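Protein chains get the first letters and strands the later ones, always in sequence-line order, with residue 1 at the start of each. Every value quoted in this text rests on a predicted model; they were computed, and no experiment measured them. Side chains included, hydrogens not; waters and symmetry mates left out as well; all remaining heavy atoms used.
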2 protein chains.
Amino acid sequence: MKTPTTDRDPSPLSEAGASTAAQARFQRLHKILRDRICLLDYAPGHHLGEEDLAQEFGTSRTPIRRVLGWLESEGLIERRHGVGTIVTDVDLRSLDQVYRLRLELASLMGRLAPMRCSDADLALLQTHLTRCSKLRQQREPTEFARLNMDFCVALFSMIGNAPLREITERLYFQTSRIWLKSVPAMDLEEEISHFERQIFDVIEALRVGDHGAVGDICRAHISMSFNRMTLLRHAQAGGASLGATATA
Amino acid sequence: MKTPTTDRDPSPLSEAGASTAAQARFQRLHKILRDRICLLDYAPGHHLGEEDLAQEFGTSRTPIRRVLGWLESEGLIERRHGVGTIVTDVDLRSLDQVYRLRLELASLMGRLAPMRCSDADLALLQTHLTRCSKLRQQREPTEFARLNMDFCVALFSMIGNAPLREITERLYFQTSRIWLKSVPAMDLEEEISHFERQIFDVIEALRVGDHGAVGDICRAHISMSFNRMTLLRHAQAGGASLGATATA
DNA sequence: GACAAGTTAAATGTACACAACATATCGAAA
DNA sequence: TTTCGATATGTTGTGTACATTTAACTTGTC
């Protein structure tokens, strides 16, 4: 119950689920650290000490180093000899490129191959919708972040084209935390409202069996979400240049 | 001179070029092993012993293990505790999925962002065209494989959208060796002829500045190449079921 | 007071010995 | 002859001590 580890998902990382104990531990640690990074528990620039992590998880540095190597290959952290391991940040130019690509990939989601959507999957998305409704009253950014991640992971896991699925997940994990950084400064209620509508529309499209529409819905929401974030950033930059109230 | 290591390419793997000696060695080993896998020097199923590699490159197993971990994250090898490390194979279903995705990504090549094409890049592609012309008389599959890889790497490095560039390279390295396995059974002269036309057309499009056309040309050639390979496979399968001359 | 060289501390990279694991081999009993 | 099992062998995973590198601190001099 503490760590579900999602054993219903046959291919979260690359291929079949963990067979040996070592691979199981590897995937567990990988997911834990990845979530900490993507949920801003480890913000960009945060220092990750191998020794500290080894002590926390009761192992030596060796398995930790393997996990860190994987996270490095995914572009989430950066290691420098003699300096340390830090969570990477993404500049606005790169972020813009990633989002433009994500728009195109979203269109392909249900078109290259039909979505793999069982009744259990639909039920899971329904729970996300319920969680989102409750969240409209709580308004906790942390819970919003986790719900967003849970929903996206669940949705992406339904993508029929395997390489597209992996790439979509990869790009999401690379950029979600950057978007998340802007959430506190945004109108949280509005964001939650938009997100709730996205979940609702996606469920509707899946229920009807219009898999192409799922991609279009996601594309539209990704686009609008990115636009709101960009607008916010420009407003902040403008306000800073005028009133000099920013931290910089 | 022995190992060019392409220091003109600012971002072959993930980010900036190797700064420390350790990272330089890592990238060198990574490129060497990746090329061996993708050029079928290590065919699918081939066993890669950590101890052997360590001895060959004059290091301990530790740096080797780091490189193997990276190759594993790229889907080129598979490691199993107590068994060994083997080069992965790709079944036809997965191969079909990858090619369908590559078609779509090719269309985006010059559309998401303009190609980064300098005069030096054009000159490099010209040398590829020259090499291809010479190859029409030599007809060496190995050289054809290397030329194909050199051209694709050079072309992909011009993709303006960084994440699309990385993904395109990644998918190419994942599947090129599978296509390469079928080359010996194909009409090599025809393949070389097609490839030469592709290079010529790409150069022409780049010279005119029609970056969108570059993607369309590549898409067309990828599509036709995959069709020829599929046709060949079906012919082999049909012949095997009729005459029982196959290895199976 | 400012600057520069040496020193110290902390981090990742490396090497090696050992543990855990899977498979092949050999042999004895039914 | 067949089958089951113990054993031998080879492979990757882990733990640990040490080397290498970087940045910050200290200290001495101009």
Side-chain angles (χ1 to χ4, degrees), chain A residues 13-33 36-37 42-88, chain B residues 13-33 36-37 42-88:
Chain A
L13 259 179
S14 60
E15 342 189 348
S19 52
T20 72
Q23 287 185 7
R25 177 169 71 171
F26 169 80
Q27 292 197 3
R28 189 175 62 91
L29 292 183
H30 173 77
K31 179 169 166 40
I32 291 176
L33 293 185
R36 286 185 185 175
I37 293 173
Y42 296 154
H46 181 92
H47 177 83
L48 286 156
E50 296 181 354
E51 196 68 50
D52 300 339
L53 293 172
Q55 228 171 359
E56 176 183 354
F57 295 108
T59 70
S60 76
R61 278 176 54 206
T62 309
I64 301 294
R65 283 182 61 76
R66 184 171 183 177
V67 175
L68 292 183
W70 205 280
L71 292 173
E72 187 183 19
S73 81
E74 293 174 317
L76 296 181
I77 62 175
E78 186 181 347
R79 300 155 90 182
R80 269 186 297 180
H81 191 183
V83 179
T85 303
I86 61 170
V87 177
T88 55
Chain B
L13 259 179
S14 60
E15 343 189 347
S19 52
T20 72
Q23 287 185 7
R25 177 170 72 171
F26 168 79
Q27 292 198 2
R28 190 174 62 90
L29 292 184
H30 173 77
K31 180 170 164 41
I32 290 176
L33 293 184
R36 285 185 185 175
I37 293 173
Y42 296 154
H46 181 92
H47 177 82
L48 286 157
E50 296 181 354
E51 195 68 51
D52 299 340
L53 293 173
Q55 228 171 359
E56 176 183 353
F57 295 107
T59 70
S60 76
R61 278 175 52 206
T62 309
I64 300 294
R65 282 183 61 76
R66 183 171 183 178
V67 175
L68 292 183
W70 205 281
L71 292 173
E72 187 184 17
S73 81
E74 293 173 317
L76 297 182
I77 62 175
E78 187 181 348
R79 300 155 91 181
R80 269 187 295 181
H81 190 184
V83 179
T85 304
I86 62 170
V87 177
T88 54

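- Rounded to whole Å, the distance from CZ on B/R79 to P on C/dA22 is 16 Å.
- A straight line from CD of A/E50 to P of C/dG13 spans 6 Å, rounded to a whole angstrom.
- Within the 4.5 Å cutoff, the side chain of B/H81 has no heavy atoms near those of the A/Q23 side chain.
- For the pair B/I64 CD1 and C/dT14 P, the computed distance is 10 Å after rounding to whole Å.
- When each of D/dA23, D/dT12, D/dT14 is scored by its nearest atom to the side-chain atoms of A/V83, the top-ranked nucleotide is D/dA23.
- Counting only heavy atoms from C-beta on, A/H47 has its side chain closest to C/dA11 among C/dA15, D/dT12, C/dA11.
- Atoms CZ (B/R66) and P (C/dG13) sit 5 Å apart, rounded to a whole Å.
- Around CD of A/E51, the count of heavy atoms belonging to other residues, nucleotides or ligands within 6.0 Å does not exceed 12.
- Side-chain N/O atoms of A/T85 include one lying less than 4.0 angstrom from OP1 or OP2 on C/dT12.
- Where B/T59 and A/A21 meet DNA chain C, the nucleotide closest to each residue was compared, and B/T59 sits on the side nearer the 5' end.
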TODO: In sequence, state the C-alpha distance, the side-chain angles, and the governing distance for A/E56 and A/D52, and then conclude on side-chain contact (heavy atoms from CB on, under 4.5 Å).
DONE: CA-CA 6 Å; A/E56 176 183 354; A/D52 300 339; over 6 Å; no

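- Look at CZ on B/R61: it is 15 Å from P on D/dG10, rounded to the nearest Å.
- The residue B/L48 sits close only to the backbone: its heavy atoms come under 4.0 Å of sugar-phosphate atoms, none of a base.
- Remark: the B/H81 side chain and the D/dT12 base include a donor-acceptor N/O pair separated by less than 3.5 Å.
- Minimum atom distance to the side chain of B/T62 is reached by C/dC16, of the listed C/dC16, C/dT12, D/dT14.
- Within 6.0 Å of CZ in B/R79 there are more than 12 heavy atoms belonging to other residues, nucleotides or ligands.
- The nucleotide whose nearest atom lies closest to any side-chain atom of B/R25 is, among C/dA15, C/dA22, D/dT14, C/dA15.
- Counting heavy atoms from C-beta outward, B/L53 and B/L33 have side chains that approach closer than 4.5 Å.
- The interatomic distance linking A/Q23 (CD) with D/dG13 (C1') rounds to 11 Å, in whole Å.
- We find that CD1 of A/I86 is positioned 15 Å from P of D/dT22, with the value rounded to whole Å.
- When rounded to the nearest whole Å, the span between CZ of B/R65 and P of C/dG13 equals 15 Å.
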